[in-house]
Structure formats: structure tokens, C-alpha cells
Amino acid sequence: MIKKHIIPCAVILTLLVMAQVFAYTLPTVKKDLKNNNLTTIKKEAEEPAFTLAQLEFAEETLPLGDTRINSKMKRILASYGYENLQTNRLHRKAAEWFPIIEPILAAYGIPNDFKYVPLVESGLQGGTSPKGASGYWQFMPGTARMYGLKVNGRVDERKNLKKSTIAACKYIKELYGIFDSWTLVAAAYNVGDVHMKRQINKQNQDNYFKMKLNRETGGYVYKLISMKEILENPARNGYKSQKAFIAYVAPTAATVE
């Protein structure tokens, strides 16, 4: 009688052991509910490797295949990496300034990438330059007054973020009417439109990246691109604890006062 019970128990125990063995050897699968099929789970493809071809300013890219330009871009970008710069101040300022700057740029039809100008101009050092430029957008007193800012012994609206951004947009838009290129506009913002026009005529060249300019202006757009890169892709530039700043999406009807 006991033997009759032992044999079925042994069979059941054997089946349970075999089920456990097969459970560990079967591949991971998921059910396709739509087609009622079983499909093997595949590992997602890795992100493509970073290349300089991905870098651009206001949708104007670096000329490909030029070793001089590539070397210059790599050098300036490396100088903005965490190992060299080691500052979170830029990220904090971007978080504070961008919500004010971006809607104004959009309202005036200025590319969003110009929001990096104040960070390059005044974000790292601030204060007043030896030549007298001051404020977020580093306006000279005369230029500031030309575009509607009050600058006198009592008031300096160059230090008002909203008002100075509106003034900068007016100036940038005017520069684009002259140069028809956003990289040239950025360079002219740095060095002045008269000097920029003179260099274009002298060199018979209107591609910023291929022009020979003074050290500051010649590296200016590279700095803007580098600033954009570290803020939009902080992790791959060594800023492990920072969140990426996504592009601003303008509302349907952006307005400025």
C-alpha cells in the first residue's frame, strides 16, 4: 500500500525538478499582444558616438574635413569641460536666465542659440569690461542708449535682464539684415559691424569659420557652440550631476512689452 503512494509522489517530485531546470534555461520572451506572437526581447541599440559634425550654432554647422577648424573646435570645447572649468555656476545662471531670455528671442525671431551669448559675455566673469561694456549682454553705453536702454548716473538698464535682452534682440536683428548669417551676426556682436564688414571685404570671404579674425572674435562662435554643448549634453562633458537644458518651445503667440 505504501509503495503505491511512493511511486506517484516520486514521479511528481521528478517533474517539479525538471520544470525548475527548464525555467532557468528558457530564453526571456515577451508576448506581442497585437499579433498574439512571442518575440525575444532585444537589447536597445547604443547611442551613436559623438562627433564634431553634431555641433552647430543657429543651424549653421562647421565646415567638414577642415583639420584647422576641427582642432580649434576640439581645443575650445575641451576648455569648457568639467575638468578645466569645474563650475556649476553656469548651469545655475542658465536655469535662472533662460526662462526670461528665450521667450523674448522667440518673439523677435532670433534663434534660440543666442541665449548663450550672455553666458559667454558675462556669465563667467561679469562686471564691467575695461572698455566700459557692462550688463548681461555687455553693451557699451552708447550702443545701449541707441537701442532704448537708460544709462546714466542713476540708472543702468544694461543690468536689467528683460530690458537688455529686448535691446539685444533689436541689435541682433539689425545685424542679420546686414550679414544674412547668424554666425557672422554673433561675430559682429562681439567685434562690431563696421570691423566685420571691413574684414569680409578685405578677405573676400563671408564664412565665419574660414575667416582670419582677431583671437577673441575668431574664437567667439566656438565658445558659444561649446557653451551650448556643455549645457545641452552635460554628462558627456563631465558634468555628471547636471540636467540637460532642452530647447525652448515658443508659445503660439509670443509677445514682448
Side-chain angles (χ1 to χ4, degrees), residues 42-106 109-126 136-138 161 165 168-169 172 181-187 189-190 207-210 216-251:
K42 293 182 179 180
K43 186 179 179 181
E44 291 183 5
E46 294 182 359
E47 282 188 25
F50 167 72
T51 64
L52 293 181
Q54 298 171 19
L55 302 178
E56 48 86 17
F57 179 78
E59 299 185 354
E60 294 182 24
T61 57
L62 284 74
L64 298 176
D66 190 310
T67 54
R68 181 188 66 83
I69 293 171
N70 289 347
S71 297
K72 187 173 183 178
M73 186 70 253
K74 287 179 182 178
R75 185 176 71 253
I76 295 177
L77 179 58
S79 72
Y80 278 77
Y82 185 77
E83 288 185 2
N84 290 328
L85 209 56
Q86 292 195 18
T87 177
N88 296 320
R89 185 175 56 178
L90 291 174
H91 294 82
R92 290 198 302 270
K93 287 187 175 182
E96 178 186 349
W97 296 358
F98 285 2
I100 297 170
I101 293 172
E102 291 175 327
I104 299 173
L105 292 174
I110 308 298
N112 193 47
D113 285 354
F114 276 87
K115 68 186 178 186
Y116 299 107
V117 169
L119 287 177
V120 169
E121 288 284 350
S122 60
L124 288 170
Q125 296 178 345
Y136 296 95
W137 293 84
Q138 288 291 288
L161 181 56
T165 300
C169 284
I172 291 167
S181 161
W182 293 117
T183 49
L184 289 178
V185 166
Y189 188 92
N190 175 256
N207 185 316
Y208 166 81
F209 296 104
K210 295 182 179 181
E216 183 183 346
T217 307
Y220 191 71
V221 175
Y222 293 87
K223 290 180 181 179
L224 292 174
I225 293 173
S226 297
M227 186 70 74
K228 176 182 177 180
E229 167 62 16
I230 69 164
L231 289 176
E232 291 188 358
N233 302 288
R236 71 183 181 198
N237 291 284
Y239 295 84
K240 304 298 183 184
S241 63
Q242 299 298 336
K243 292 182 179 179
F245 286 89
I246 60 173
Y248 170 76
V249 178

Minimum-distance pair of heavy atoms, taken over all atoms of Lys115 and Leu105 | N-CD1, 3.6 Å

Please walk me through it: do Leu55 and Leu62 pass side-chain contact (heavy atoms from CB on, under 4.5 Å)?
-> CA-CA 7 Å; Leu55 302 178; Leu62 284 74; 4.2 Å; yes

Could you grab the distance from atom CG of Asn112 to atom CD1 of Ile101, nearest 0.5 Å is fine?
-> 10.0 Å

Carefully, step by step, assess Thr165 and Trp97 under the rule side-chain contact (heavy atoms from CB on, under 4.5 Å).
-> CA-CA 10 Å; Thr165 300; Trp97 296 358; over 6 Å; no

Between the OG1 atom in Thr67 and the NZ atom in Lys74, the distance rounded to the nearest 0.5 Å is 10.0 Å

To the nearest 0.5 Å, how far apart are CG in Asp113 and CZ in Phe57?
-> 5.5 Å

Would Lys228 count as a cation-pi partner of Tyr116, with NZ or CZ less than 6.0 Å from the six-membered ring centre and within 45° of the ring normal?
-> no

Check salt bridge (charged side-chain N to carboxylate O under 4.0 Å, His left out) between Glu229 and all other residues, then give those that pass, not counting sequence neighbours.
-> Arg236

Check the pair Val185 / Phe114 against side-chain contact (heavy atoms from CB on, under 4.5 Å), numbers first and verdict last.
-> CA-CA 10 Å; Val185 166; Phe114 276 87; 3.9 Å; yes

Here the gap from Lys72 atom NZ to Asp66 atom CG, rounded to the nearest 0.5 Å, amounts to 10.5 Å

Atom of Ala95, atom of Pro99 and distance for their closest heavy-atom approach = O-CD, 3.3 Å

Going by the side chain to side chain donor-acceptor pair (under 3.5 Å) test, which pairs reach into residues 216-226, not counting sequence neighbours?
-> Glu121-Tyr220, Asn190-Glu216, Asn190-Thr217, Asn214-Thr217

Please report the C-alpha distance between Ile172 and Trp137 in whole Å, then the side-chain angles of each, then the deciding distance to 0.1 Å, and finally whether the side-chain contact (heavy atoms from CB on, under 4.5 Å) criterion is met.
-> CA-CA 11 Å; Ile172 291 167; Trp137 293 84; 4.1 Å; yes

Any donor-acceptor N/O pair, Glu60 side chain to Ser181 backbone, under 3.5 Å = no

How far apart are the closest heavy atoms of Lys93 and Ser122, and which atoms are they?
-> NZ-O, 4.0 Å

Over all atoms of both residues, closest heavy-atom pair of Leu64 and Ala53 = CD2-CB, 3.8 Å

Pairwise distance CE(Met227) to CG(Leu119) - rounded to 0.5 angstrom = 5.0 Å

Glu56 versus Glu59, closest heavy-atom pair with distance = OE1-N, 2.6 Å

Sidechain-backbone polar pair: Tyr80 side chain, Ile225 backbone, donor-acceptor under 3.5 Å | no

Indicate yes or no for a side-chain donor-acceptor contact from Tyr189 to the backbone of Leu184 under 3.5 Å, with no hydrogens or angles considered.
-> no

Heavy-atom closest contact (Ile69 atom, Phe209 atom, distance) | CD1-O, 3.6 Å

